[in-house]
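Below is one structure, written out as structure tokens; comments come after it.
It should be emphasised that the depicted structure is a prediction, and the values quoted were computed from it without experimental measurement.
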Number of protein chains: 8
Amino acid sequence: MTWTVYLSGEIHSDWREQIIAGADRLDLPIQFTSAVTDHEASDAAGDILEPESSGYWRDHKSSGVNAIRTRTLLARCDLAVVRFGDKYKQWNAAFDAGYCAALGKPYITLHDADIVHPLKEVDAAAEAWAQTPAQVVQILEYLTVK
Amino acid sequence: MTWTVYLSGEIHSDWREQIIAGADRLDLPIQFTSAVTDHEASDAAGDILEPESSGYWRDHKSSGVNAIRTRTLLARCDLAVVRFGDKYKQWNAAFDAGYCAALGKPYITLHDADIVHPLKEVDAAAEAWAQTPAQVVQILEYLTVK
Amino acid sequence: MTWTVYLSGEIHSDWREQIIAGADRLDLPIQFTSAVTDHEASDAAGDILEPESSGYWRDHKSSGVNAIRTRTLLARCDLAVVRFGDKYKQWNAAFDAGYCAALGKPYITLHDADIVHPLKEVDAAAEAWAQTPAQVVQILEYLTVK
Amino acid sequence: MTWTVYLSGEIHSDWREQIIAGADRLDLPIQFTSAVTDHEASDAAGDILEPESSGYWRDHKSSGVNAIRTRTLLARCDLAVVRFGDKYKQWNAAFDAGYCAALGKPYITLHDADIVHPLKEVDAAAEAWAQTPAQVVQILEYLTVK
Amino acid sequence: MTWTVYLSGEIHSDWREQIIAGADRLDLPIQFTSAVTDHEASDAAGDILEPESSGYWRDHKSSGVNAIRTRTLLARCDLAVVRFGDKYKQWNAAFDAGYCAALGKPYITLHDADIVHPLKEVDAAAEAWAQTPAQVVQILEYLTVK
Amino acid sequence: MTWTVYLSGEIHSDWREQIIAGADRLDLPIQFTSAVTDHEASDAAGDILEPESSGYWRDHKSSGVNAIRTRTLLARCDLAVVRFGDKYKQWNAAFDAGYCAALGKPYITLHDADIVHPLKEVDAAAEAWAQTPAQVVQILEYLTVK
Amino acid sequence: MTWTVYLSGEIHSDWREQIIAGADRLDLPIQFTSAVTDHEASDAAGDILEPESSGYWRDHKSSGVNAIRTRTLLARCDLAVVRFGDKYKQWNAAFDAGYCAALGKPYITLHDADIVHPLKEVDAAAEAWAQTPAQVVQILEYLTVK
Amino acid sequence: MTWTVYLSGEIHSDWREQIIAGADRLDLPIQFTSAVTDHEASDAAGDILEPESSGYWRDHKSSGVNAIRTRTLLARCDLAVVRFGDKYKQWNAAFDAGYCAALGKPYITLHDADIVHPLKEVDAAAEAWAQTPAQVVQILEYLTVK
């Protein structure tokens with residue numbers, strides 16, 4: 001049985017690559033999905049349609065295009081890993097977590113110990129909190145091939 | 001017809017009071033709900049059960065108790081107003097927005113113009129973005145008594 | 001038992017008033033709801049937030065605000081009456097019909113015989129097609145007090 | 001991961017063929033679906049059952065048969081592209097858009113700039129508005145292989 | 001707490017009146033609902049719209065109008081009582097039972113012992129099978145005031 | 001794209017075989033499913049568990065086992081064909097139709113013209129009414145390969 | 001805003017009475033509901049219908065009647081309190097907890113510390129674990145009137 | 001058509017192996033799934049994350065990780081077999097049964113006759129009660145290849 005795991009959140013570190021490589025090494029039956037993680041491409045997703053002069057509407061259009069991908073992949077995943085890094089607001093990661101919670105999709109948060117307090121509601125609705133990509137890989141191994 | 005409006009997010013400014021007072025002045029048929037907004041009481045919600053020595057588990061227990069309230073009130077509201085202030089991470093506000101989006105509940109974001117970029121996904125899934133409580137009151141008046 | 005009936009569609013004739021007056025005369029236990037039907041107010045709903053120079057984005061913002069009202073009232077109605085007049089495109093009426101169909105909410109279409117062919121899909125998903133407000137009132141009487 | 005994209009709306013121009021050809025050229029992992037687009041065959045779908053003398057009931061029966069296909073394919077798609085051309089009422093396209101919105105399925109509208117005002121509600125519920133099939137292909141490429 | 005009980009099925013005996021009178025005598029907190037049970041009025045429900053020459057389409061239109069009432073009342077009931085008499089096909093009663101089963105609404109069947117075999121699937125999905133209106137009243141008393 | 005079609009109802013004529021053979025001849029991309037149609041085996045399904053002395057409970061147990069199959073296959077089908085023959089009560093066929101209606105699954109009824117009146121509610125909720133297996137095959141061809 | 005709280009589980013101690021009395025003293029806006037807690041009446045619920053000689057089927061019939069009440073009240077509650085005592089298997093309490101979890105209804109478990117290990121899955125899906133009725137009352141006060 | 005069958009409950013006897021071997025011998029088109037049944041591994045699932053000193057929180061973390069697997073597999077199964085052995089509380093088995101019931105997933109209970117009374121609610125919501133793995137295999141054969 002193949003599992004589909006959505007990787008949500010931070011795009012400025014290589015946590016996705018670490019998890020995918022770890023799962024590969026163990027040959028786990030997992031298909032990983034995620035939003036487009038190329039920051040510039042993501043911000044420019046709406047430019048396909050027609051450049052906007054206003055930054056707000058440019059963001060709005062790009063977010064709309066990106067939402068097609070994120071909503072569809074969230075709807076099709078079995079579980080999500082939601083990563084909060086030490087920079088930026090990352091409200092979209094928290095948004096994805098809330099979205100999963102409302103759909104009844106389990107998710108794992110991945111973040112350092114120093115931000116447990118502001119993430120307490122997001123963590124409380126999660127099935128697990130991991131601190132390293134290696135821990136996530138171990139959980140995925142446990143879940144899929146045990 | 002009475003509307004139920006959930007007020008989510010920032011607890012360090014008086015935006016809730018402003019909206020409620022504005023709606024009162026106009027005698028709008030609205031019942032407002034929200035999480036417990038007394039910060040200390042909210043953090044201590046789990047202490048009813050048994051004090052924890054670990055800060056993580058104390059947070060976890062309080063978040064669990066608070067989630068009973070927030071999930072129930074979100075499930076029962078017609079729409080939500082989600083406020084992002086200029087301080088703190090406010091991931092729970094973004095979480096609530098994602099939760100609403102997945103349930104198909106409309107929501108209005110309320111935040112200043114200088115954080116439109118990090119909030120672009122949350123705003124794109126919203127029905128409206130307001131910058132002041134007064135604007136929210138005007139929208140609520142338009143929605144409920146026009 | 002009170003029924004809630006959403007009146008969707010054309011805003012340039014007095015069909016809503018006819019139905020409401022007819023139901024009033026019969027003292028039917030019905031609460032009627034609808035979008036804001038003042039055309040100018042509806043087009044300007046987003047101006048509460050901040051005037052837009054682009055017509056497209058002004059429309060977009062007003063539609064967002066109006067959607068809060070229409071989605072909420074559609075979600076809370078027992079049935080809808082969807083009116084197609086002889087002018088304008090009225091795509092929002094067809095949109096509301098599709099929205100009802102997907103939610104499993106019954107709806108009645110109200111339109112003249114000369115547009116049955118372009119409305120065939122919308123009519124086929126309806127529970128009834130009426131040609132006059134008086135017929136709608138008779139159906140509502142049959143449904144609610146028989 | 002294969003995506004399923006439903007192409008809804010106008011049947012009098014070759015926009016479907018353009019999108020499918022464009023996706024083919026890029027070898028996108030997409031399966032396209034749509035209603036039967038042969039106008040005469042579609043209008044005659046109910047004739048399989050028993051010819052009707054009344055035009056209304058002939059339409060009704062054909063619409064019923066066509067609805068089996070459209071509802072099933074909408075339920076199975078990941079996203080829809082909804083095309084509004086410059087002729088005809090095209091209420092079924094708006095109906096499909098409303099149906100998608102209620103199901104939480106993302107959709108892209110495809111239409112010229114001169115009909116943005118009557119389509120404002122349909123566009124506001126869409127994730128994106130495109131003006132050419134080529135733009136749709138670019139979005140699909142972005143969504144599926146980026 | 002008031003309960004809403006939908007009474008579905010046979011319209012040629014006074015089982016509804018017996019149940020309602022029995023509940024009245026016990027002053028049970030129950031609101032009873034049902035389809036229009038005046039056979040002729042029910043068959044003529046579609047005549048409000050425009051008389052049809054074909055019996056099939058007359059039935060079709062009346063069934064459409066009646067379905068607005070039955071679907072709405074089924075959606076709003078807490079439980080249903082589905083009665084099968086000794087005459088007629090009563091496929092609509094079995095249809096209502098299947099409808100309840102799919103919605104997760106509990107229902108009680110009410111029928112004589114001599115038709116248990118053809119009703120075995122309908123009974124197996126029911127929460128209880130009663131043989132007399134008096135038994136139904138006793139169950140309703142047990143459910144609502146114990 | 002493969003379609004899954006559930007064949008519900010009458011088990012005393014060869015209508016299923018006719019439909020399946022017709023679809024085979026046309027090489028339609030359809031997987032047919034149905035309840036166990038061997039009458040004796042179906043009535044004895046519960047005997048696997050432990051013979052019951054009471055006919056009622058034997059029926060009850062067999063219906064339970066059969067329901068596992070029918071509910072699962074109904075949940076997995078794209079559409080159903082519901083057949084009413086000229087003998088027996090066939091309440092389970094009407095039950096399946098109601099079940100489909102509540103789930104939003106389209107279905108086609110298949111029956112002779114002389115029972116249109118008692119089937120009017122079941123037909124009104126159907127997308128099509130066919131009188132012969134050959135008509136059903138034609139519809140399936142239209143739906144799946146046009 | 002009135003809250004509805006379902007009290008599930010153990011019927012051999014007065015924990016329900018303690019919670020209700022505590023909420024009364026504080027005048028909390030809560031309506032409490034529960035299964036019939038008179039053990040003998042509950043076991044005999046099916047006897048209304050017709051006495052069974054087999055204990056298994058007597059239980060089956062009573063459970064069916066009781067399920068009408070429990071499913072309806074669970075569907076209508078905002079949250080549940082699920083009590084596990086020190087005697088008996090109490091599988092129905094765990095069943096109710098699983099039922100709530102699947103519906104997305106929050107619940108609080110109420111049990112002593114010595115059974116935390118066998119209840120770990122049930123507790124992990126709960127929003128809170130309380131050890132005394134007084135703690136439950138405090139949580140309810142916090143949730144409803146803070 | 002392949003069926004997916006989730007095997008829930010007791011982990012101290014070889015009932016799963018018996019069912020899987022029986023299905024294998026008959027070459028049934030079934031994919032079996034279950035929680036991790038290695039008791040120690042299951043209790044230690046959360047240790048991947050960070051050892052806890054408190055037994056309660058260690059259980060809590062392991063249950064969270066295990067829940068990702070059980071919820072996902074329950075959501076993806078066609079039916080479940082829920083086994084109650086003669087030892088331990090097995091509340092998680094009853095929890096899974098309630099979870100299935102709320103999702104409308106059919107399930108079969110598997111237990112000895114001496115615990116029918118405490119399991120009456122769980123059995124009443126089941127589609128069948130079996131006493132031996134061999135009976136389950138026979139039902140599965142009936143369901144999938146008849």
Side-chain angles (χ1 to χ4, degrees), chain G residues 8-9 35 39 42-43 45-46 54-71 74-75 80 82 84 86-105 107 109 111 113-126 129 131, chain H residues 8-9 35 39 42-43 45-46 54-71 74-75 80 82 84 86-105 107 109 111 113-126 129 131:
Chain G
S8 167
H39 195 168
S42 172
D43 278 3
S54 143
Y56 179 76
W57 292 119
R58 186 192 178 221
D59 276 354
H60 191 80
K61 284 168 79 168
S62 294
S63 296
V65 171
N66 284 316
I68 300 176
R69 177 156 160 157
T70 53
R71 301 301 148 76
L74 282 170
V82 187
F84 293 88
D86 55 357
K87 278 192 250 168
Y88 308 105
K89 293 293 192 183
Q90 307 173 83
W91 282 317
N92 59 329
F95 181 93
D96 284 356
Y99 199 85
C100 285
L103 294 184
K105 299 258 178 193
Y107 67 90
T109 56
H111 60 82
D114 58 356
I115 49 176
V116 294
H117 189 65
L119 277 171
K120 62 185 182 298
E121 287 90 358
V122 177
D123 279 349
W129 160 47
Q131 287 171 270
Chain H
S8 167
H39 195 165
S42 172
D43 278 3
S54 143
Y56 179 75
W57 291 119
R58 187 193 178 218
D59 276 354
H60 192 80
K61 284 168 78 170
S62 294
S63 296
V65 171
N66 285 315
I68 300 175
R69 178 157 161 156
T70 54
R71 301 300 149 76
L74 281 170
V82 187
F84 293 87
D86 55 356
K87 275 191 256 170
Y88 308 103
K89 293 292 192 181
Q90 307 172 82
W91 282 317
N92 60 328
F95 181 93
D96 284 356
Y99 199 87
C100 285
L103 294 184
K105 299 256 178 195
Y107 66 89
T109 56
H111 60 82
D114 57 356
I115 48 176
V116 294
H117 190 66
L119 278 171
K120 61 184 183 298
E121 287 90 358
V122 177
D123 279 350
W129 160 46
Q131 288 171 268

Min side-chain heavy-atom separation G:His111-G:Trp129 under 4.5 Å: yes
Do you know which of G:His60, G:Arg58, G:Lys61 has the most heavy-atom pairs under 4.5 Å to chain H? G:His60
Side chain to side chain contact (heavy atoms under 4.5 Å, CB included), that's the test. Do G:Val122 and G:Val82 meet it? Break it down for me. CA-CA 10 Å; G:Val122 177; G:Val82 187; 5.7 Å; no
Looking only at G:Gly55, G:Ala75, G:Ala124, G:Ala94, the option with the highest number of non-hydrogen pairs under 4.5 Å against chain H is G:Ala94
Just to verify, what does H:Asn92 make a side chain to side chain donor-acceptor pair (under 3.5 Å) with, not counting sequence neighbours? none
Below 4.5 Å from any heavy atom of chain H, which atoms of G:Asp59 appear? Answer side chain, backbone, both or neither. both
Partner chain G: residue of H:Val116, H:Leu103, H:Leu119 with the largest heavy-atom pair count (under 4.5 Å): H:Leu119
Would you say H:Lys89 and G:Phe84 make side-chain contact, with heavy atoms under 4.5 Å? no
Tell me which of these, G:Ala101, G:Cys100, G:Ala113, has more heavy-atom pairs under 4.5 Å with chain H than the rest. G:Ala101
Throw together a table of side-chain donor-acceptor distances under 3.5 angstrom for residues 64-71 of chain H, partners on residues two or more places apart or in other chains.
{"residue": "H:Asn66", "atom": "OD1", "partner": "A:Tyr142", "partner atom": "OH", "Å": "2.5"}
{"residue": "H:Asn66", "atom": "ND2", "partner": "H:Ser42", "partner atom": "O", "Å": "3.0"}
{"residue": "H:Asn66", "atom": "ND2", "partner": "H:Ser42", "partner atom": "OG", "Å": "3.2"}
{"residue": "H:Asn66", "atom": "ND2", "partner": "H:Ser62", "partner atom": "O", "Å": "3.1"}
{"residue": "H:Arg69", "atom": "NE", "partner": "H:Ser34", "partner atom": "O", "Å": "2.9"}
{"residue": "H:Arg69", "atom": "NH1", "partner": "A:Leu143", "partner atom": "O", "Å": "3.1"}
{"residue": "H:Arg69", "atom": "NH1", "partner": "A:Lys146", "partner atom": "O", "Å": "3.3"}
{"residue": "H:Arg69", "atom": "NH2", "partner": "H:Ser34", "partner atom": "O", "Å": "2.9"}
{"residue": "H:Thr70", "atom": "OG1", "partner": "H:Asn66", "partner atom": "O", "Å": "3.3"}
{"residue": "H:Thr70", "atom": "OG1", "partner": "H:Ala67", "partner atom": "O", "Å": "3.3"}

